[in-house]
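Residue numbers run from 1 in the order of the sequence given. FYI, side chains are in, hydrogens and waters are out, and symmetry mates aren't considered; it's all heavy atoms of this structure.
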Amino acid sequence: MKKRFVITLFAVVLCLTGVLSDGAQTEAAKKMKLSRTKLSLKKGKSKTLKVKNVKKGQKIVWKSSKKKVATVSKKGKVKAKRAGRTVITAKIKKKTLRCRVTVTDKKGDASRKKPERTPAPGSVDATPTPGLTPTPAPGLTPMTAQQKAKASLIEHIITYGKVNSNGGKVITESYAEGTNGEMDTTYGIAYQSEKDCLQFVMLAEYQGSQLTLQMMIPTSDIASVTPQCAFLYESSAFVAVGTVDLATYTKGTVTDFEIQALTEDLSAESAVELADRSLQLAMLRWDSMLAERTGLTMRDIGFLSYS
């Protein structure tokens, strides 16, 4: 019975590994990063971006998603062309770094506002009557702020994500964590179109052990999520499922995971503690990923108290 459980859990771990496998899971202990992840420039101005911790001689391919807004040279020099937003990417082998660039006119966006029109004598003023609010078309429900944020994240994943072994798109970040960087951890956010939900995944490997954590978040507004944590080391394993209240969960919140399966050589207390700490760390990493790549946060997609 124990052997069958371990084999089943190993299959779960492999499945989640497939979600993250985009060929760029491992990184050096010192993570490559851009000198800036956000940049504001006025039209005509320029700024040079640099890649930190890159190996000497490694080729960097720079690209702008909207060349009409801003261009980037082979040396990372960004030049603002016209007002708008673009994303500058620096690709080193299979690693892609991004900087979101906002370009404004020299006099600022306020100067672009159209002057107020004064109605001609005798003409009909098109200004809405006070107290009257436009009514949405029948059958159409306006998107909530959470739904708009999730839609923006999905668009980012589809546009910039790597194709994983499951055939979907995923964005990932990898870290060498632990006191001496001995634990390789990959965090990913994927979009499952068939279920219309976002899949948040963590995969940690340390001295032969593997820990996975996943959390499914539908595109609709919800009140809670159920993260699932699985741990496997040789013949030792556990599966734990927790319930997270999106309205109250924040940094430091302790989640009471329920043990659904546990081998005899592990204690339920240690399994629950490991699952809870893994979730807290994953939330920090996912929040950082969202901020750096899209400008969103976990709060924007539903975790109302997370900051």
Side-chain angles (χ1 to χ4, degrees), residues 17-42 44-81 84-103 156-165 168-190 201-208 210 281-282 284-295:
T17 303
V19 174
L20 296 174
S21 59
D22 62 346
Q25 293 187 40
T26 57
E27 292 180 84
K30 287 187 176 181
K31 181 185 170 187
M32 287 186 293
K33 60 182 180 180
L34 281 176
S35 55
R36 301 282 294 271
T37 56
K38 295 180 182 179
L39 185 61
S40 295
L41 292 173
K42 289 186 178 181
K45 298 294 182 179
S46 61
K47 180 76 175 181
T48 299
L49 297 174
K50 295 183 179 180
V51 178
K52 297 181 179 180
N53 302 322
V54 66
K55 292 182 180 179
K56 187 176 181 180
Q58 277 193 318
K59 185 180 179 181
I60 304 174
V61 179
W62 295 91
K63 186 177 180 181
S64 172
S65 62
K66 293 182 181 179
K67 295 181 180 179
K68 291 183 179 180
V69 174
T71 58
V72 61
S73 70
K74 293 181 179 180
K75 293 186 178 181
K77 185 177 181 180
V78 181
K79 187 172 183 180
K81 294 292 187 178
R85 292 184 175 87
T86 184
V87 176
I88 301 298
T89 58
K91 189 170 183 180
I92 308 96
K93 290 187 176 180
K94 294 183 179 181
K95 178 68 177 177
T96 303
L97 305 174
R98 296 175 178 82
C99 175
R100 293 182 293 109
V101 178
T102 301
V103 178
H156 179 87
I157 293 172
I158 293 174
T159 303
Y160 299 105
K162 301 288 184 78
V163 178
N164 58 29
S165 60
K169 287 288 191 76
V170 61
I171 56 175
T172 61
E173 289 288 346
S174 298
Y175 298 85
E177 296 178 313
T179 306
N180 299 310
E182 67 274 15
M183 184 171 71
D184 293 324
T185 312
T186 301
Y187 301 87
I189 306 174
V201 180
M202 168 191 182
L203 173 62
E205 297 178 313
Y206 172 67
Q207 296 183 351
Q210 286 189 316
L281 177 59
L284 286 171
R285 295 304 193 193
W286 291 327
D287 192 56
S288 176
M289 279 182 64
L290 290 176
E292 290 183 4
R293 290 171 174 261
T294 67

Under a 4.5 Å cut-off applied to non-hydrogen side-chain atoms, are Arg98 and His156 in contact?
yes

Heavy atoms, side chains only, cut-off 4.5 Å: are Asp184 and Tyr206 in contact?
no

Euclidean distance, Ile92 CD1 relative to Lys55 NZ, rounded to 0.5 Å:
12.0 Å

Does Thr172 form a side-chain hydrogen bond (donor to acceptor under 3.5 Å, both in side chains) with Thr186? I'd like the steps, not just the answer.
CA-CA 7 Å; Thr172 61; Thr186 301; over 6 Å; no

Taking the side chain as every heavy atom from C-beta outward, state whether Lys63 and Val87 have any atom pair closer than 4.5 Å.
no

Member of Leu290, Val201, Thr294 meeting the side-chain contact (heavy atoms from CB on, under 4.5 Å) criterion with Ile189
Leu290

How far does NZ of Lys95 sit from CE of Met32, to the nearest 0.5 angstrom?
6.5 Å

Exercise: identify the closest heavy-atom pair between Ala80 and Ala70:
CA-CB, 4.3 Å

side-chain contact (heavy atoms from CB on, under 4.5 Å) between Thr185 and Met202, intermediate numbers included:
CA-CA 7 Å; Thr185 312; Met202 168 191 182; 4.0 Å; yes

Thr48 and Lys75, any side-chain heavy atoms less than 4.5 Å apart:
no

Ser65 versus Thr86, closest heavy-atom pair with distance:
OG-OG1, 3.0 Å

Shortest non-hydrogen contact between Cys99 and Leu39, atoms and distance
SG-CB, 3.9 Å

Any side-chain heavy-atom pair from Lys47 and Arg36 closer than 4.5 angstrom?
yes

Drop me the distance from Lys67's NZ to Lys81's NZ, to the nearest 0.5 angstrom.
11.5 Å

Does Tyr187 reach the side chain of Ser174, with side-chain heavy atoms less than 4.5 Å apart?
no

Are any side-chain N or O atoms of Ser64 and backbone N or O atoms of Thr71, one a donor and one an acceptor, separated by less than 3.5 Å?
no

Taking C-beta and beyond as the side chain, do Thr102 and Leu41 meet within less than 4.5 Å on heavy atoms?
no

Rounded distance (nearest 0.5 Å) linking atom NZ of Lys79 with atom NZ of Lys45:
11.0 Å

Under the criterion side-chain contact (heavy atoms from CB on, under 4.5 Å), I'd like the reasoning laid out for Ser35 against Lys52: C-alpha separation, chi angles, the key distance, then a yes or no.
CA-CA 7 Å; Ser35 55; Lys52 297 181 179 180; 4.2 Å; yes

Candidate pair Lys162 and Ile171, rule side-chain contact (heavy atoms from CB on, under 4.5 Å), full reasoning:
CA-CA 6 Å; Lys162 301 288 184 78; Ile171 56 175; over 6 Å; no

Side-chain heavy atoms of Val163 within contact of Lys169, under 4.5 Å
yes

Please determine whether a side-chain nitrogen of the Lys or Arg among Glu173 and Arg293 lies less than 4.0 Å from a carboxylate oxygen of the Asp or Glu.
yes

Would you please test Val51 and Leu34 for side-chain contact (heavy atoms from CB on, under 4.5 Å) and show each step?
CA-CA 5 Å; Val51 178; Leu34 281 176; 3.8 Å; yes

Under the criterion side-chain contact (heavy atoms from CB on, under 4.5 Å), which of Val78, Leu97, Thr89, Val72 is the partner of Trp62?
Val72

